[in-house]
Amino acid sequence: MCSRFFYFWFYLFLRDEMNYWLMKSEPDDASIDDVLAMSGQTIAWYGVRNYQARNFMRDAMQVGDGVLFYHSGCAVPGIAGLAEVASTPYPDDTQFDPKSKYFDPKAERENPRWMLVDVRALRKTRLIGLPELRQQEALAEMQILRRGNRLSITPVSAAEWRHIAKLMKA
DNA sequence: GCCAACGTTGGC
DNA sequence: GCCAACGTTGGC
């Protein structure tokens, strides 16, 4: 099942098409407003410590891919902005920093375990909350809406992307 | 704060 | 390689 999943995304990668993603951030940590206020409106997507999410950044993302900026772990979780992938993958520095809460004692400089990409915020959108997302028949298959989904980075289909783009204007 | 879901760890 | 225990995520 895992390998089928992998080959599907590798296939998309080889087709060299634009891919779409949803990336969760806790607004207390880095909100869409915070990133828009940063230099270049760009943030290194540090702190991912899940292999599947890491693999998306390391193996599947391409510069220019579309990103739905999602606020989680807050009063009103939902899609809060539009962003894009802004770099190729490189090591997450926080894995080497003993003072960081993302420190990984098993990570080695010569053999980094955690990779990230830069994400550039494009604009804030109206907040599209979970209840509204769940109402959309076109989004019934979205990974983020599946029961028990905890993955912080998930692929979004082109059809889902277009539907959400329309919702943002509504 | 609760709890379901799921990933990781470590003993065997 | 199995699987129980444990930790984390994240909506509510």
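The analysis underlying the following values was restricted to heavy atoms, covering all of them including side chains, and did not include hydrogens, waters or symmetry mates. Here the structure is a predicted model, which is why all the values come from computation and not from measurement.
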Between the protein and nucleotides 2-8 of chain C, are there any N/O to N/O pairs under 3.5 Å, and if so, what are the atom names and distances?
{"unit_1": "C:dT8", "atom_1": "O2", "unit_2": "A:Arg150", "atom_2": "NH1", "d": "2.4"}

(message) For C:dG10 and A:Lys24 - does any side-chain N or O of the residue sit under 4.0 Å from the phosphate oxygens OP1/OP2?
(response) yes
(request) Go through the structure and list residues passing ring-ring contact (aromatic ring centres under 6.0 Å, His included) with A:Phe69, not counting sequence neighbours. (result) A:Trp45, A:His71
(message) If the cut-off is 4.0 Å, is A:Tyr70 near the phosphate of C:dG11, judged by side-chain N/O to OP1 or OP2?
(response) yes
(message) Without decimals, in angstroms, what is the distance between A:Ile153 CD1 and C:dT9 P?
(response) 14 Å
(request) Using atom CG of A:Asn149 as one end and atom C1' of C:dT9 as the other, report the distance to the nearest whole Å. (result) 10 Å
(request) Answer with yes or no whether the side chains of A:Thr94 and A:Asp92 bring together a donor and an acceptor at under 3.5 Å. (result) yes
(request) Using atom CG of A:Asn50 as one end and atom P of B:dT9 as the other, report the distance to the nearest whole Å. (result) 11 Å
(request) Check A:Ile144, A:Leu139, A:Leu68 against A:Val156 for a side-chain contact (heavy atoms from CB on, under 4.5 Å) and give me the one that passes. (result) A:Leu68
(request) Only counting residues at least two apart or in another chain, list the ones meeting salt bridge (charged side-chain N to carboxylate O under 4.0 Å, His left out) with A:Asp93. (result) A:Arg109
(request) Mind calculating the distance between CG (A:Leu133) and C1' (C:dG11) to the nearest angstrom? (result) 13 Å
(request) Starting from P on C:dT9, measure out to CD on A:Glu26 and report it in whole angstrom. (result) 8 Å
(message) Are more than 12 heavy atoms, taken from residues, nucleotides or ligands other than A:Glu137, located less than 6.0 Å from that residue's CD atom?
(response) no
(message) What is the separation between atom CG on A:Leu151 and atom C1' on C:dG11, rounded to the nearest whole Å?
(response) 16 Å
(message) Please pick, from C:dC12, C:dG10, B:dG10, the nucleotide with the shortest atom-to-atom distance to any side-chain atom of A:Lys106.
(response) B:dG10
(message) Just so I know, are the side chains of A:Leu22 and A:Met142 near enough to count as touching, which here means a heavy-atom distance under 4.5 Å?
(response) yes
